[in-house]
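Accompanying notes for the structure given below.
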Amino acid sequence: MQTACQAVQHQKGRRQYNKLRNLVKDARHDCIVFANEFHQHSYLPREKGESMEKWQTRSIYNATVWYYNHCLGQMPVVMVTEDEDAIRQYGNETEGVFVISFKNYLDNFWPDLKAAHELFDSIIQARRERESESQENNGKEYPEHLPMEILEAGVKSGRYVQGILNVNKHRAQLEAFVRLQGVGSKETELQSDILIYGARARNRAIHGDVVAVELLPLHEWKGRTVALCENETEDKTPADTTGDPMPTGKVIGIIQKNWRDYVVTFPSKEESQSQGKNAQKILVTPWDYRIPKIRISTQQAESLQEYRVVVRIDSWESTSVYPNGHFVRVLGRIGDLEGEIAAILVENSISVAPFSEIQMSEMPVSSSKNPWKVNPEEEQKRVDLRDTHLIFSIDPKGCEDVDDALSIRTLPNGNLELGVHIADVTHFVAVNSYTDVEARARATTYYLADRRYDMLPSILSADICSLLSGVDRYAVSVMWELDKESYEILSVSYNKTIIRSAYKLVYEAAQGLLDGDTSAVGDILELKDLDERTRQKKLTELVWAISKLTDIARHVRAKRDSRGALELEGVEIRVQLDDKKNIHDLIPKQPLEVHKTVAECMILANHWVAKKISENFPHQALLRQHPPPRQEFFSELRECASAKGFSIDTRSNKALAESLDKADDPQDPIINKLLRSMATHAMSNALYFSTGSCPEGEFHHYGLALDKYTHFTSPIRRYADIVVHRLLMAATLKESKGDVKDNVFSNKDLEELCRHINNRNRAAQHAQKQSTELFQCMHFKDKTPETDERCIADGVIYSIRTNGVLVFVPRYGIKAAAYMKNKEGLVISCQRDSSCEWKPGSLHHFQNKITSTTTTGESVTLSLFDHITVKILVHTSRCHADTIKLEIIRNAPYQTLDTEVSQKNSNVAKSELVKEVSQSAEEAQRAQEKARVEVIEEEYQEYCQTKGASLYQLLEEIRDLALLDISADIRT
């Protein structure tokens, strides 16, 4: 109701009103706002002297009664309010219209919904204690925040600095940084982040909040910690472990709170006893080190000690050391695979419920008995490439969502035609349909180490929109005519097409054909069961096509290289699964030239589509920018390279690319990989943006060295690509004079959508990284490091700290700390055989090396890029995610007597170990499913992506909308 929404804005503020508005606008919730103040029979004028609150309550009740009568009294209508006077006045006035409190609503309409009652009690208890605490405690733990109008004026004048608070997860008690977001009209000389040192200076701001900061006097500036830290609660930092002083400030106000749901752990029995035997107020520890402990009220503390739990922060008063919050729901047991995955999803605000029945009802029909077919009417509107083009896809093994395919052919005039063919997802996903709204909310497919959560239902992503071989599919094709010798682009066309892919190749098979390896033919299913002559003919055509594509890709890449395109290095670890979905191995991804060939074709298509849509929609096209990185972020890269005698020029992308190419040690190729990895780490993030939101000079993509770039080639798994497809169709189709262009976002709406997609992309990256780290820890957790050779590996030092080194382990893609001084104060000492042990002594830290000297005069020096032998350990934590730790055991590269045998044994053992992890998780899941009495239809089961119903999403809506309609149950 319109008046109810305005009451929220009037009483709760703009932030709560915006949350309510966004929930109501979300088509998935099926909410309609009734503009009661503009309706003749429900409008009530405000009486003289009547308060705003009383008039709003009276208006809401009057509209409720009108709606009840409008529906002819066929169903009761409930008005939920906490206004006791309104309940007394209107409660019994109209039969069929209930005016009751939220507690009475739960008691009378949902008496058996235990989880909702517990959540309501938790919120009420937290509110009461917060009110009583503020009355009793007059002492201030923190300074009061300045009013918003003063903060905004201060930021505008340049007195204060606005930015996002980023807490150092390795030093969460003491160190946080504010990255500049806006500095108002006055120019600032600040060239770095602002250090916020200590809890009091942080002043109740939580990681992710947008804050206003006041700089401290120059003599109070401090340096950031340069020592390795284990994130314990020590509150003192030795003077010699900090770097040069940097701008330091204090938080004087919070401009925007970005609180979310937090995964926490209750204290153990021993810790609970120290808090008081019957304490109802419990301090829970968040899974994320960067979040402070949260005080909640609950009677369930003892029964939940072994579980991961979700809580929400309600407030943080200046009189309280800790924020106050309330219990929301139980996730799962500590250490259980499904519980830990659920924790990762919640921590990244990823909500992926099964696709609903109404979303599935929008899907086209396709089954093994009745496969989807091309519509004859649609066939007339498209360019048919089925009989004229050799089209094929190249993807990783096991790929189901094939959204791109390639073609190359010789034209009658002798020139070449290169084609990139992308699944036409937008044909099946109508604008603002239920499926479209859900895909927009998800924004991306979430890939975890052992599973994925699709953006679109699998009937689209793995079937009708997947460009599988031998079947007809709708596509959007970008095709270029190229000069036969120079490969220069002569013309380009954009068309809706019908294609039939001839081959679904995997990267390894395509690389084999490119290298002339005839054994790769056996991996190509489409060439089996053919007579020898036909197979040889088809194979010759395919090899020519792959070779020609690779030649063209090399030429296109060379042009980008000449403009300064960067070849960066990232450590990508794949969890290799066997046929039964058990984990077989953890392996770093091996680069192949065919990877670059496919990537270059996709980059070319994205670039040309970006040019097309930005020309036609100069103020409302979705592009992707990559800003130049800040030079100070390259300092570690330059210092590390200089240790090996290399000079890195970071003044431009071209200078950086050339420097990285030259920084190559033929004796140790790992060095160049590490330097490229450091360059990647120093980069800014690439972001989606609307062309109407920034000047054209900022469209540039630094890493790819392109003036305009977008994402067009993966509409199955990225919502940005769906938006770009619609823009391209609006820009190219002649008949798109009205309806297609009406589906294009305005600049303001597109800007908001880009922020959402960028946020979801970051969440997807973090979740993927955290799930990989989870499996790395599970991989080593139950091994005995002292006797198990699989825990010993070669490591390369890539950073020197005051008390140890950071080490990269290429075999497993692990980056972790190795201490040279332990908690007892002993330092590393090396024997004649290079083995290491702990002895009394001291450390001496230099820019590119660190020396350990014992009290008996023995010394050992470790330098940047030295190869050492490390032992891989797992640091287990009850409240947080487990982490990998390294221990130096030899000051020499790792060597084994029989590498192949060791590797083989390692793979077998890893397979068995992680198979046990997966099987135990499956057994727990089966037990849960047995206990749950629920009939799931066959079709629903096929498209369901998560295990079990999620009440939490519904409860989330209750709190914001004060409207409950829940038919599920919770499992604890």
- Message: Here's one to test your reading of the geometry: is the NZ or CZ of Lys169 within 45 degrees of the ring axis of Tyr289 and under 6.0 Å from its centre?
- Response: no
- Cation-aromatic face contact Arg624/Tyr709, 6.0 Å, 45 degrees: no
Between [atom1] on residue [X] and [atom2] on residue [Y], distance to nearest 0.5 Å:
{"X": "Ile884", "Y": "Ile814", "atom1": "CD1", "atom2": "CD1", "answer": "4.5 Å"}
{"X": "Glu175", "Y": "Arg202", "atom1": "CD", "atom2": "CZ", "answer": "9.5 Å"}
{"X": "Phe846", "Y": "Thr861", "atom1": "CZ", "atom2": "OG1", "answer": "7.5 Å"}

Using 4.0 Å as the upper bound for N to carboxylate O, is an ion pair formed by [Y] and [X]?
{"X": "Asp661", "Y": "Arg676", "value": "yes"}
{"X": "Asp882", "Y": "Lys781", "value": "yes"}
{"X": "Glu837", "Y": "Lys839", "value": "yes"}
{"X": "Asp794", "Y": "Arg890", "value": "no"}

Test side-chain contact (heavy atoms from CB on, under 4.5 Å) applied to [X] - qualifying residues, sequence neighbours left out:
{"X": "Lys662", "value": "none"}
{"X": "Lys250", "value": "Ala201, Glu214, Leu216, Ile252"}
{"X": "Thr650", "value": "Gln631, Phe634, Arg638, Ile648, Leu656"}

- Message: Arg563 and side-chain contact (heavy atoms from CB on, under 4.5 Å): which single residue from Asp707, Asn653, Leu706 fits?
- Response: Leu706
- Positive for side-chain contact (heavy atoms from CB on, under 4.5 Å) with Glu600, one of His555, His595, Arg560: Arg560
Do [X] and [Y] make a side-chain contact, defined as non-hydrogen atoms from C-beta onward lying under 4.5 Å apart?
{"X": "Asn348", "Y": "Arg762", "answer": "no"}
{"X": "Leu862", "Y": "Asn891", "answer": "yes"}
{"X": "Ser799", "Y": "Glu636", "answer": "yes"}
{"X": "Arg554", "Y": "Glu593", "answer": "yes"}
{"X": "Asp866", "Y": "Tyr798", "answer": "no"}
{"X": "Phe865", "Y": "Ile670", "answer": "no"}
{"X": "Lys871", "Y": "Ile792", "answer": "yes"}
{"X": "Val796", "Y": "Leu674", "answer": "yes"}

- Taking only residues two or more places apart in sequence or in another chain, which ones pass salt bridge (charged side-chain N to carboxylate O under 4.0 Å, His left out) with Glu639? none
Is it true that, when you exclude [X] itself, more than 12 heavy atoms of the residues, nucleotides or ligands shown sit nearer than 6.0 Å to its [atom1]?
{"X": "Lys596", "atom1": "NZ", "answer": "no"}
{"X": "His845", "atom1": "NE2", "answer": "yes"}
{"X": "Lys293", "atom1": "NZ", "answer": "no"}

- Going through the distances and angles, do His681 and Phe633 end up as a ring pair (Phe, Tyr, Trp, His ring centres under 6.0 Å)? CA-CA 9 Å; His681 189 68; Phe633 291 170; 8.9 Å; no
- Between the main-chain N or O of Lys849 and the side-chain N or O of Thr851, is there a donor-acceptor pair closer than 3.5 Å? no
- Short side-chain to backbone donor-acceptor contact, Asn848 and Leu864, under 3.5 Å: no
- Excluding sequence neighbours, so at least two apart, what forms ring pair (Phe, Tyr, Trp, His ring centres under 6.0 Å) with Phe177? none
- Message: So, using ring pair (Phe, Tyr, Trp, His ring centres under 6.0 Å) as the criterion, who are the partners of Tyr446 when residues are at least two apart?
- Response: none
- Query: Any side-chain donor paired with an acceptor under 3.5 Å for Gln511 and Asp515?
  - Reply: yes
- Query: Should the pair Tyr812 and Phe780 be assigned to parallel (<30°), tilted (30 to 60°) or perpendicular (>60°) ring geometry?
  - Reply: perpendicular
